[in-house]
Amino acid sequence: MDYEKLAELLFPHIDKTPEEIEAMYPPRELPEGAKVTRLGPSPTGFIHLGNLYGAFVDERLAHQSGGTFYLRIEDTDDKRYVEGAVETITSALKFFDINFDEGAEMEGGAYGPYYQSQRGEIYQTFVKDLVKRGQAYPCFLTEEELAEIRAEQEAAKVTTGIYGEYARCRDLTYEEIEANIAAGKPYVIRIKSKGNQVDPAHCCHESGAACTTRSGAKCVNHDGTMYIHVNDAIRGEVAMPANDQDVIILKATGIPTYHFAHVVDDHLMRTTHVVRGEEWLMSLPIHVELFDKCGFPLPTYCHTAVLMKIDEETGGKRKLSKRKDPELSLDYYRNEGYHPQAVKEYLLTILNSNFEEWRMANPDASIDEFEFTTEKMSSGGALFDLDKLNDVSKDVLLKIPAAELAEFMAGWAAEFRPELAPLFDGSADASYGPEYLAKILDLGRDGKKPRKDLIYAKQIFEFIRYFYDDYFVIEEPVPEEVSDEDAREILQRYLDSYDHSDDQSQWFDKIRAIAVDLGYAAKPKDFKKHPEDYKGHVGHVSTVIRLAVMGRTQSPDVWEIQQILGEERTRARIEALLI
RNA sequence: GGUCCUAUGGUCAAGCGGUCAAGACACCGCCCUUUCACGGCGGUAACCCGGGUUCGAUUCCCGGUAGGAUCACCA
């Protein structure tokens, strides 16, 4: 077979050589040890927590080392394309403060184009070269034939796929190929796998001995099968049988498969670390063989664990699914109003096992100061824990200044709860507004033991809504220790003695006086000791007031709340109950 | 089914041949307290099973079991 001639027959329009392409993508000029990472989403328009998890690893690895993090759109499957998807992806990541240095939709970047759909000529140049070297061939197998082969293999209980004797098109003559093409038969290009049987010419055959492949992976024989050993930055050395499938590298459309695009792009774009989900681990042998055949060095792989959750139905662990689990969608967190910092910080706690420890030792340090390492990543799938997220969020929000939080709340409302927006920007009522909101959010946050009530925007609004008249309602009944008559009496006396300028202790002294006067213990302890002597205690009395002003029995300090509400609103709420 | 990954309390996790097996979240109790939160103190709770190797295995090896991943002209 004249491979040179075959290559020309297949790719007459390709006139560049791999060397010429290679020259267009010179090694990057970066400091020693700098890592180059990339995010390669397919433009389905859906970005989920797993993407963010991975993107975060990419971003940290690159930016921590003075390297480059770029965005490459893997749109080799035209069926999947969704309009505006790239914008969705970049804006979602930007929301979480994850930014690219170069790539799709960005100015500059010497390693583009960053859309795989625009790199056809590049891939074909390398495919043509492979054909020319007898390492790849056209395959005319139809869907029916493929199904037939598969059925045959299943019946014989052997591994399915196109390999060895099943690779029927492998040894087609030039004339046969030419005739097929002339007849207009569609075809794909497959690699001619070297197989995984022991090959003394290529590999070690002394038991246990290993040799290094061109790409840098090691291979060693196991019981007649060649195994490849690759060092994964997260998992350590992983071993699996070498690839023996004549995998497709170019589809009938002339577009490469993920496998081939990955190899060519990550090589040309000089990616040093390939971060991707565990679901790719099994195709590693294919990639090793591809890197080998192309003569490219292997990048460092970082196969991240899959995020899991407990399935309500079965009670078992399972991979988060975008269909069943709304919390997987990044939109869920934006919708609930989680602060991006909180999500990031939580992600970091499941990403690096020593992060929490570091955070406790450095409560005020920026995340950027934490030294993130792939070695500290867990290789098992972590369960997503909403409780933990909430806990982390409380601490994160505590460190954000109230004014900034108010802004965040307003932004959230504008996007997800438009009816609340006028409330927060003051356009509904001049006495409300950003400053009012900031004061509310700052309530009880000062001092040595600040409150940690705030978790996410939706929850925060629920927590503070009584500050806004339109959302103020009496939600609970008065405590059973207090009769209706007493309740009325308490409120009447409270209103009569109310002086907005009282300080906190003057204010509480008055409540205490009312309590004692009506037969309630001045101190809860007295009541506990001699419950028979009292109707209740001062706590019950203040609950009545709390209920009148806040509408609920539980809230932060009443005096402080009243100071924010202002005298007018405070009096009005009590008066409303005395009518 | 083949192959690969994983296996410490309910969850996330330290551990890397000798520990009374850390810590965090959640949960429970007590204290603080006019409620709630915060905070403090304390508590319940774990090395999947079976073989080895070893003076000694949670830790190393083998087997089993369980969970997960993957077997496309999808990425």
Side-chain angles (χ1 to χ4, degrees), chain A residues 40-44 74-77 79-80 116 139 141 143 146 150 154 157-161 186-190 225 232 235 238-241 245 247-253 255-259 261-262 276-285 303 305-306 308-310 316-319 346 349-350 353-357 359-360 376 378-392 394 398 443-445 447-454 463 479 508 511-512 515 520-525 537-543 545-547 550 552-559:
Chain A
S42 58
T44 56
E74 314 216 327
D75 52 354
T76 53
D77 181 17
K79 289 187 286 289
R80 283 209 191 188
Q116 290 185 330
C139 172
L141 256 22
E143 256 180 74
L146 254 15
R150 184 181 190 82
E154 277 168 2
K157 289 199 193 325
V158 298
T159 306
T160 57
Y187 64 93
V188 299
I189 303 291
R190 292 181 184 274
T225 304
D232 186 286
R235 292 155 195 272
V238 293
M240 51 191 96
Q245 300 264 345
V247 291
I248 295 173
I249 55 178
L250 213 58
K251 305 185 224 176
T253 53
I255 295 170
T257 55
Y258 167 85
H259 304 301
H262 152 55
R276 39 143 77 151
E278 185 187 354
E279 66 268 24
W280 289 109
L281 198 52
M282 295 307 291
S283 45
L284 193 52
H303 288 99
V306 169
M308 320 243 256
K309 76 169 279 176
I310 295 287
K317 266 193 188 183
R318 64 147 224 267
K319 186 178 173 180
Y346 169 68
T349 67
I350 54 177
S353 55
N354 54 331
F355 176 76
E356 277 192 272
E357 197 182 316
R359 176 48 90 202
M360 272 187 270
K376 285 289 182 183
S378 159
S379 51
L383 277 189
F384 189 78
D385 187 351
L386 216 55
D387 278 330
K388 187 81 178 184
L389 201 213
N390 288 342
D391 183 67
V392 169
K394 285 181 189 175
L398 188 57
L443 212 166
R445 297 211 311 164
K448 191 86 179 79
K449 294 186 293 186
R451 303 185 63 94
K452 295 183 186 173
D453 301 305
L454 315 178
F463 188 71
F508 193 65
I511 293 179
R512 199 164 255 152
Y520 294 83
K523 292 181 177 173
K525 274 183 180 160
H537 61 75
V538 67
H540 299 124
V541 174
S542 61
T543 296
I545 296 163
R546 189 183 302 277
L547 218 33
M550 268 70 80
R552 43 181 92 164
T553 59
Q554 300 177 351
S555 81
D557 186 76
V558 176
W559 181 82

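Every chain is numbered from 1 and lettered A, B, ... according to where its sequence line falls, protein lines coming before strand lines. Any value given below was found using the heavy atoms of this structure, including those in side chains, with hydrogens, waters and symmetry copies removed.
Residue contacts for Val188(A): at a heavy-atom cut-off of 4.0 Å it reaches a base atom on one of the strands shown. Leu141(A) comes within 4.0 angstrom of a nucleotide base, judged by non-hydrogen atoms across all strands. Heavy atoms of Lys388(A) sit under 4.0 angstrom from at least one base atom. Counting non-hydrogen atoms under 4.0 angstrom, Arg235(A) reaches the backbone sugars and phosphates but no base. Heavy atoms of Thr553(A) sit under 4.0 angstrom from at least one base atom.
Between Leu443(A) atom CG and C38(B) atom C1' the separation is 13 Å, expressed in whole Å. Going from atom CG of Asn390(A) over to atom C1' of U11(B) covers 14 Å, rounded to whole Å. In this structure, the CZ atom of Arg276(A) is 13 Å from the C1' atom of U70(B), given to the nearest Å. In this structure, Asn354(A) atom CG and C12(B) atom C1' are separated by 13 Å, rounded to whole Å. Taking atom NZ of residue Lys251(A) and atom P of nucleotide C73(B), one finds them 10 Å apart after rounding to whole Å. Whole-Å rounding puts the Lys448(A) NZ to U33(B) P distance at 18 Å. Whole-Å rounding puts the Leu386(A) CG to G10(B) C1' distance at 15 Å. Rounded to an integer number of Å, the gap from Glu278(A) CD to A75(B) C1' is 16 Å.
Side-chain atoms of Asp391(A) lie closest to A26(B) of the nucleotides A75(B), A26(B), C12(B). Nearest to the side chain of Glu279(A), among U34(B), U70(B), A26(B), sits U70(B). Here C36(B) is the nucleotide among C36(B), U3(B), C5(B) with the atom lying nearest to any side-chain atom of Gln554(A). Closest contact between the side chain of Asp453(A) and the listed nucleotides A37(B), A24(B), U34(B) involves A37(B). Distances from the side chain of Pro241(A) to the nucleotides C38(B), C4(B), A69(B) place C4(B) closest. For Pro524(A), the side-chain atoms get nearest to U34(B) when compared with the rest of C25(B), U34(B), A69(B).
Comparing the C1' positions of C12(B) and A46(B) gives a spacing of 13 Å, expressed to the nearest Å. Between C25(B) and U59(B), the two C1' atoms lie 26 Å apart (nearest whole Å). With both ends at atom P, the span from G42(B) to C4(B) equals 48 Å, rounded to whole Å.
Nucleotide U59(B) is matched to nothing when pairs are restricted to Watson-Crick or G-U wobble geometry with both distances under 3.5 angstrom. Judged by Watson-Crick or G-U wobble contacts below 3.5 Å, the nucleotide G17(B) has no partner. Nucleotide C74(B): unpaired (no Watson-Crick or G-U wobble partner with both distances less than 3.5 Å). Both distances falling under 3.5 Å, in either a Watson-Crick or a G-U wobble arrangement, occur for no nucleotide opposite C38(B). U44(B) is unpaired under the Watson-Crick or G-U wobble criterion, no partner having all donor-acceptor distances under 3.5 Å. The partner of U54(B), taking Watson-Crick or G-U wobble pairs whose two distances both stay under 3.5 Å, does not exist in any strand shown. Searching all strands for a Watson-Crick or G-U wobble partner of A66(B) with both distances below 3.5 Å returns U6(B). Nucleotide A22(B) forms a pair with no other nucleotide shown, judged by Watson-Crick or G-U wobble geometry with both contacts under 3.5 Å.
Look at Arg150(A) and you'll find a side-chain N or O under 4.0 angstrom from OP1 or OP2 of A72(B). A sub-4.0 Å separation between OP1 or OP2 of C25(B) and a side-chain N or O of Lys394(A) is absent. Residue Ser283(A) places no side-chain N or O under 4.0 Å from the OP1 or OP2 atom of U70(B). Taking side-chain N and O atoms only, Lys449(A) has no distance below 4.0 Å to OP1 or OP2 of C36(B). OP1 or OP2 of A14(B) has at least one side-chain nitrogen or oxygen of Ser353(A) nearer than 4.0 Å. Within the structure, a side-chain polar atom (N or O) of Lys525(A) is placed less than 4.0 Å from OP1 or OP2 of C32(B).
Here CG of Asp557(A) is found 8.5 Å from CZ of Arg451(A). Values are rounded to the nearest 0.5 Å. Rounding to the nearest 0.5 Å gives a distance of 11.0 Å between CZ of Arg359(A) and OG1 of Thr349(A). A distance of 8.0 Å separates CG in Leu443(A) from CZ in Phe463(A), rounded to the nearest 0.5 Å.
Both Tyr258(A) and Trp559(A) sit near RNA chain B, but only Trp559(A) has its closest nucleotide nearer the 5' end. Comparing Glu357(A) and His540(A) along RNA chain B, the residue whose closest nucleotide (by nearest heavy atom) sits nearer the 5' end is Glu357(A).
Remark: side-chain polar atoms of Arg552(A) are not paired, donor with acceptor, to backbone N or O of Arg546(A) under 3.5 angstrom.
In this structure, His540(A) and His537(A) have tilted ring planes: the angle between them lies in the 30° to 60° band. Between Trp280(A) and His259(A), the ring planes lie perpendicular to each other; the angle is over 60°, past the 30° to 60° tilted range.
Contact of Arg451(A) with C36(B) (side chain to base): a donor-acceptor pair of N or O atoms is detected under 3.5 Å.
Glu278(A) has its side chain within reach of Arg235(A): a pair of non-hydrogen atoms, C-beta onward, lies under 4.5 Å apart.
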